[in-house]
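The structure appears right after this line, and notes come after that.
Note on naming: letters A, B, ... go to the chains in the order of the sequence lines (proteins, then strands), and numbering restarts at 1 for each one.
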Amino acid sequence: MTRFIVRRLVAMIGVLFAVSVIVFVVFMVLPKQNPAQTLAGKNATPGLVKNIEEEWGFDDSLPVQYATMMKKVFTGELTSYKPRLPVDDRIIEGIPATLSLAVGAAVIWLFFGLLLGYLSAIRAGGWLDRILTGVSIAGISIPVFLLAPVLLYFLSYKLEIFPNAQYVPFSEDPYEWARHLILPWFTLALLSIGFYSRVLRSNMLDVMNEDYVRTARAKGLSERKVMTRHVLRNSLIPVITLFGLDFGATIAGTAIITEAIFSIDGVGYYAAEAVKKFELPPIMGVALYGAFFVVLLNALVDIAYAYLDPRVRLGESASE
Amino acid sequence: MSPAPLLSVSDLRVGFATEEGVVQAVDGISFDLRPGEVVAIVGESGSGKSVTAQTIIGLTRANNARIEGSVKLEGEDLLSASDSDLRRLRGDRIGMIFQDPMTSFNPVYRIGDQIVEAIRAHRETSKSEGKRRVVELFEAVGIPNAERRVDDYPHEFSGGMRQRAMIAMALALEPEVLIADEPTTALDVTIQAQILGLLEQLNRERNLATILITHDLGVVAEVADRVLVMYAGKVVEEGTLDEIFYDPQHPYTWGLLGSLTRIDRPRPHRLPQIAGSPPSLLDLPDGCPFRPRCPHEFSKCPQYPGLEARLPEAADHRDRCWLTPEEKKAKRLVEGQIGLEPPPEVRQA
Ligand SMILES: Nc1ncnc2c1ncn2[C@@H]1O[C@H](COP(=O)(O)OP(=O)(O)OP(=O)(O)O)[C@@H](O)[C@H]1O
Ligand SMILES: [Mg+2]
């Protein structure tokens, strides 16, 4: 198992390297425009462009240029130019808000998604199942950019149940932190609640037909044990994979819309602002940051998968 | 007199409501099972063997299932028992073994743990106590290195070993009744013989009452006391092992016997098989359902005879065929010397 984890982490570093090369090629090599011009942004003075050209060494060979870029990323010297602000710092400042949003939403979507999926599955065909199916499909069909303004309008402006914006750090006031995040959490979680409950339900219905579930019943286990220890346990394996991918995607991307709508000052908000102002350095920085989380979560998923499914784990050790 | 039956199934009928209509998977099966006895249920695919077995322990209960008749375990009716009463019985007083050992264990748990789980569903034991018991059981069913193998996962066991583990699990709580649903079908021939040998030995040593389900009469020849031959949900012939092998009365039984491989005869080019395939339960012909495939069909067949003893000397040898015993004997001769001599396995016994 340890070897498996180590190998997986080494592979992760390889993937991150590849991603950084792609970012470099896409932003610095492919565009026909002078990259310094792009980095400087719209209406930049010729002096600034000249400075950037020197700073980034655009006269050097491509590998050296790549090394310069990565050095900037790792030493915190990557900056936006109008005004000149360090990108890494800004991303790091934004991470608590973004993680609060993403983790909270993930907890909510996992909890409700799995709960509703489980109830639907054990009552398959009954009225509860039908109601939950309707609810899930509604959740899946409502787009975030529609739901968020509607929730904001009614729950914040009209009824004033929830505050409408801003992020309050957890360390400052946990209660306000949660109160400010509830709307964004549910906005972000709603689609996944519907989707996860559907996926879990269908996995469970498949697993219920497995021979080993019949064996579990024939042993005289209670129906609840059959459902949790055998049906649910085995149905969760594919859900975990899905979750890792979705959670990575949420941190790296989906949160952008939600942060922008709810004015949560996180990484996604920063990215949205940068796109609006055509600022390249923050976009590069956020792309690398997003890639890091997606790849990290993929590695964690694989490790969790190996833990949950002995066939994967032992197949690995047997072949070594 | 024979002892009172432990398990008594009478006129069991199981139907499933489906979109195309009611599938009458089991249509009036009756038999008694005494301690130490092996009753075999034989028939082609879809004849209702598994449904019979699973209904006994309540595994076919469902909204769309209609279950009638009675199943009594020492006088207690299982069909009307509550779900929780039945659950307490399963695994404890009635153990069950399934056809495919590859898929009958949960792949994500250790085999030993799955057996401990069965023990702990019925007895207050610690996990370590349970594990010790599993090691004993593994030794009893002939799994080598029992101590180490209890911690293996199902995919680390071979098919034969898994079926032994399955048997160990079924026996973990020393049940009185063992139901084995095609326990050897998924295994190689040599492993099949070992598993059958094991079942026979356990049956003898523990005085287990066993229901053995199979589509292979060769398996039956090894271990059964009584044989029920099923076709399309009904019993078409039943009798002792000797009666079924030496004096089979129903043309369907002849067909099953004819497709047996015999080691004392030269292997035919092609194994004789029963022509055609089992009928759809949704579209059964009038009268005898075997009629369309039967080479001996005649004018009486559109009526289905009851399951009756038709031989004066054997009161418990019953069948559902209109032919007279003399006609049967003559036709059997022509069809391939079936039932004229005991099969070698039986002769040895
Ligand atoms: N839950 C169910 N709903 C509808 N039909 C069913 C159900 N369970 C079994 N059947 C039908 O009942 C018939 C008998 O099935 P059963 O599994 O008892 O056959 P079998 O004799 O065990 O055959 P095999 O050798 O293939 O195991 C089949 O036609 C099957 O399709
Ligand atoms: Mg079957």
- Query: Relative to chain A, which segment of B/M102 carries a heavy atom at a distance below 4.5 Å: side chain, backbone, both, or neither?
  - Reply: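 For B/M102, no heavy atom lies under 4.5 Å from chain A.
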- Query: What parts of residues 210-217 of chain A touch chain B if we use heavy atoms and a cut-off under 4.5 Å?
  - Reply: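 The list, in residue order, reads A/D211, A/Y212, A/R214, A/T215, A/R217.
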- Task: Write out, in numerical order, the residues from residues 234-249 of chain A with a heavy atom short of 4.5 Å from a heavy atom in chain B.
- Result: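 Within residues 234-249 of chain A, near chain B: A/N234, A/I237.
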- Task: Between chain A and each of B/A118, B/S104, B/A172, B/A170, count heavy-atom pairs under 4.5 Å; write down the option with the most.
- Result: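 With the most close heavy-atom pairs to chain A, the winner is B/S104.
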- Item | Lys/Arg N to Asp/Glu carboxylate O, B/E117 vs A/R229, below 4.0 Å |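 Answer for the salt bridge query: yes.
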- Heavy-atom closest pair, residues B/A121 and A/G220: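 That closest heavy-atom pairing would be CB-O, 4.0 Å.
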- Message: With a sphere of 6.0 Å drawn around CZ of A/R8, does it hold more than 12 non-hydrogen atoms of other residues, nucleotides or ligands?
- Response: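 Yes, enclosed.
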- Count the heavy atoms of every other residue, nucleotide or ligand shown that sit under 6.0 Å from CZ of B/R66, and state whether that count exceeds 12.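 Result for CZ/B/R66: open.
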- Query: Between the side chain of A/K219 and the main-chain N/O of B/Q114, is any donor-acceptor distance below 3.5 Å?
  - Reply: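 Judged by distance alone, yes, a pair lies under 3.5 Å.
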- Euclidean distance, B/R87 CZ relative to A/E223 CD, rounded to 0.5 Å: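 The distance works out to 10.0 Å.
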